[in-house]
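The shown structure was predicted, so the numbers you read here are calculated from the model rather than taken from an experiment. By convention here, the first residue in the shown sequence is residue 1.
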Amino acid sequence: MAAAELVPASPARADIPSPEITELIDLNDVMTAAALPTSGLITVEVNEDGTVSFALPRAEVGQGITTSSAMVIAEELGVPLERVHVTLADARPELLFNQLTGGSNTTFSTYTPIRVAAAIARDRLLQAAAGRWGTPVTDLSLAAGVVTGPGNRTADIASLSRIAAGERTTQVAVRLKARDQFRVIGHPHSRVDALAAVTGGKKFTLDLDVPDAMPTMVCRPPTINGKVGSVSNLPAIRAMPGVSDVAVISTGVAVRAATFGQCIEAVRALRVSWRPGSAEGKSDESVREELHSAELPLGMPPLTPSVEGRFTFHFRSNSALEPNCAIADVRPDRAEIWSSLKAPIVAKEAIAAKLGLPLRSVTVHVTEGGGSFGRKLFFDAALEAAEVSKKIGKPVKLMWHRADDARQGRTHPMATSRARIAYLGNTVVSYTQRHTSVSTDLSHGLGEIFTALAARLPVGDIGFSQTFFQLSQSMPYDFGANSRLLSETDKGFNTGSMRNVYSPDVTCARELLIDQLAARMGKDPYRLRHDFLREDRSRAVLDKVADVGDWGRSLPAGVAQGIAFHSEYHAVSAVLVELDCRPQTVDRPIRDGVGGPRVTKAVIAVDVGLTVNPRGLEAQMMGCLMDGIALALTSSLHLRDGHFLEASWDNYFYTRQWNTPPELQIIVMPDTSGEPGGAGELGVAASMAAVACAYGRATKAMPTVFPINHATLSFTPKPTVPPIPASPTDGLDHVR
């Protein structure tokens with residue numbers, strides 16, 4: 001086993017004379033700095049069978065980090081990729097801030113520590129071979145898992161692992177491979193778990209066979225965060241087929257049964273009187289008024305010409321494709337939890353506190369997750385499963401219903417964004433933006449990072465959300481004096497930092513105003529962006545999508561191109577789309593859905609610095625595009641009388657096939673920085689903004705409410721009592 005403590009280099013870029021905080025330090029830098037002190041606890045283990053094991057202290061939720069981490073190890077250690085087995089580490093409190101997955105930070109912060117640990121293991125193996133053969137280490141090489149020495153002597157690492165083993169603390173110097181020696185990093189590779197994924201071999205939480213852990217579901221309130229008043233028919237529910245236990249808990253009434261189907265039947269039969277929730281009586285309209293009242297002023301009207309806009313972004317679901325779930329086995333003196341968790345240390349601490357157990361008595365296993373969108377930064381299912389297990393004294397396999405997740409789960413906050421660009425002639429004098437949002441819950445661990453590093457952050461004495469906002473938003477254009485501020489209101493909703501957090505809304509508002517500015521100045525929208533972008537690499541991605549996407553080509557009336565740019569976490573992206581807004585497209589019939597405009601073509605260019613796995617990056621950008629299309633056109637929650645109307649994926653319109661572009665090209669630009677940048681969220685904001693800009697150009701009217709189709713309710717809302725809708729019985733009637 002090999003590990004290393006990294007000695008941090010001097011702070012980078014600290015001498016740049018710029019008012020942009022993110023040019024000095026951004027959210028990714030903060031998370032990396034927080035992880036650095038415990039980077040020496042990241043270990044790579046060479047086994048006696050010649051395989052290599054690595055317990056990744058991050059959550060794999062489909063983004064492909066197990067593959068990219070395996071590639072880094074294979075490259076630096078000199079072993080075949082198929083010999084590297086990456087698993088997910090249990091919650092390890094000693095890692096402090098080094099076990100938090102978010103902010104596109106995994107590859108950015110673990111790239112060097114993993115390489116160093118693998119390089120130390122490589123050197124130990126070479127030293128073991130040198131000792132066996134009496135040969136200088138400099139005469140040996142390690143490739144494909146085999147050490148080769150003078151006289152064509154060879155030894156597989158399997159035969160050397162025991163000799164090289166040992167636990168000792170010593171300071172060593174390692175030489176990492178030079179870029180021109182890379183044979184794995186930077187080359188496209190399919191996911192190491194692809195076969196298991198398509199054959200059903202992957203093990204998610206609900207696939208685990210934990211002894212006596214029976215299916216469990218919860219009857220939840222009809223409004224957000226309502227509480228149980230009383231239950232009138234508990235004895236009848238306990239007598240239902242398969243039901244083993246019924247218990248009132250803090251979030252509702254839990255039912256444990258032999259099957260999930262029996263759980264559903266019992267939940268639907270419960271008769272509960274509910275106390276009011278935290279958003280009682282609220283609606284889209286009332287929250288919008290709250291936001292308007294909380295908006296910070298843009299300042300005095302400028303003396304120069306300006307363009308200005310106010311944009312509204314409705315609530316959006318934070319549900320992942322995998323239902324929210326957890327397994328818990330709580331005993332009087334210990335507890336064991338299984339769940340897909342992006343902040344497992346915080347989860348472990350919260351579970352221990354709720355159960356009244358010492359931290360050492362709680363074991364939290366991190367399982368692979370079927371998606372996240374930031375949802376799995378929260379551990380409500382794990383906490384709830386622990387509460388149920390303790391109350392009934394038995395193991396439980398808890399699953400949230402789809403309606404639970406849409407109506408009681410985490411949502412991306414509703415927000416407004418006011419922005420103004422003042423200009424004079426061909427010069428932009430100032431850019432001002434005031435973003436107002438329903439309060440974002442950052443209790444999953446990022447807030448603790450900000451607190452721990454507060455004295456080192458150039459943001460002054462401001463709150464968690466404002467710190468997050470300032471460190472995640474940048475101004476890539478030379479727009480004179482610029483100012484961005486966040487204002488928050490209303491903590492009555494269960495919110496979460498969905499993929500890309502504030503950036504899609506903030507960037508969308510900015511890029512729409514840039515199109516308006518171009519029209520005022522009589523300039524081409526692409527050319528104006530190009531001329532005002534600050535960096536060469538930014539202009540390069542913009543130029544690439546304009547060239548490959550044939551910007552400015554002739555299109556039919558009602559069809560238009562949109563182009564947008566976004567930068568974050570030492571990475572840059574540009575997106576060009578073509579959007580069909582003709583009546584025959586917008587009004588096409590869609591069963592229980594809204595057709596609306598369709599993106600027919602998309603081109604994405606990204607420069608993320610050093611790309612570990614280009615194929616994985618392309619997949620990430622494809623997902624980002626689908627997120628952006630959804631946010632611009634179709635995906636939102638409708639709030640009415642204290643609850644959301646949506647109750648499943650069938651009436652929450654994430655990007656469907658009818659909105660997916662038939663033409664898509666993703667271009668990974670040559671590395672311009674030499675180090676990995678943040679990629680997991682990079683393409684969302686630019687994609688949403690490009691679609692919005694295309695809509696404005698196609699319809700000759702700038703959109704100001706998102707998603708554009710929010711005003712059309714295309715489905716009949718399912719009832720809130722009972723809280724779990726009946727299973728569909730007519731699916732075969734709609735096969736096409």
Flag for [Y]-[X]: side-chain donor and acceptor within less than 3.5 Å:
{"X": "D29", "Y": "Y569", "answer": "no"}
{"X": "R58", "Y": "N98", "answer": "yes"}
{"X": "S567", "Y": "S474", "answer": "yes"}

- Could you give me the CA-CA distance, side-chain angles and deciding distance for D284 and R288, then say whether salt bridge (charged side-chain N to carboxylate O under 4.0 Å, His left out) is met? CA-CA 6 Å; D284 285 342; R288 185 187 298 111; 5.8 Å; no
- Message: I'd like to know whether the aromatic ring centres of Y477 and Y431 sit less than 6.0 Å apart in this structure.
- Response: no
- Query: Looking at E646 and R407, does any basic side-chain N land under 4.0 Å from a carboxylate oxygen?
  - Reply: no
- Item | For T32, all residues meeting side chain to side chain contact (heavy atoms under 4.5 Å, CB included), sequence neighbours excluded | N28, N105, F108, S109
- Query: Can you check whether E308's main-chain N or O pairs, donor with acceptor, with Q516's side chain at less than 3.5 Å?
  - Reply: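 Checked: no pair found.
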- Any donor-acceptor pair under 3.5 Å from T611 side chain to P614 backbone: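 Side chain of T611 to backbone of P614: no pair is present.
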Under 30°, 30 to 60°, or over 60°: which ring-plane class applies to [X] and [Y], parallel, tilted or perpendicular?
{"X": "Y502", "Y": "H435", "answer": "perpendicular"}
{"X": "F479", "Y": "F532", "answer": "perpendicular"}
{"X": "H638", "Y": "H710", "answer": "parallel"}

- Query: Does NZ belonging to K282 count more than 12 external heavy atoms closer than 6.0 Å?
  - Reply: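 Yes, enclosed.
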- Item | Flag if over 12 foreign heavy atoms under 6.0 Å of NZ, K491 |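 No, the 6.0 Å shell around NZ holds no more than 12 heavy atoms from other groups.
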- Query: Yes or no on salt bridge (charged side-chain N to carboxylate O under 4.0 Å, His left out) for R316 and D505, after CA distance, side-chain angles and deciding distance?
  - Reply: CA-CA 12 Å; R316 286 140 286 183; D505 298 353; 2.8 Å; yes
- Task: Test salt bridge (charged side-chain N to carboxylate O under 4.0 Å, His left out) on D380 and R375 and set out the steps.
- Result: CA-CA 10 Å; D380 36 21; R375 178 66 177 90; 3.0 Å; yes
- Item | R418 and F311, any side-chain heavy atoms less than 4.5 Å apart | no
- Interatomic distance, L533 atom CG to D478 atom CG [nearest 0.5 angstrom]: 10.0 Å
- Could you point out which residue of R434, R420, Q433 forms a side chain to side chain donor-acceptor pair (under 3.5 Å) with S483?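 It is R434, the one option of R434, R420, Q433 that forms the side chain to side chain donor-acceptor pair (under 3.5 Å) with S483.
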- Query: Do the numbers put R410 on top of the ring of F378, so that NZ or CZ is under 6.0 Å from the six-membered ring centre and no more than 45° off the axis?
  - Reply: yes
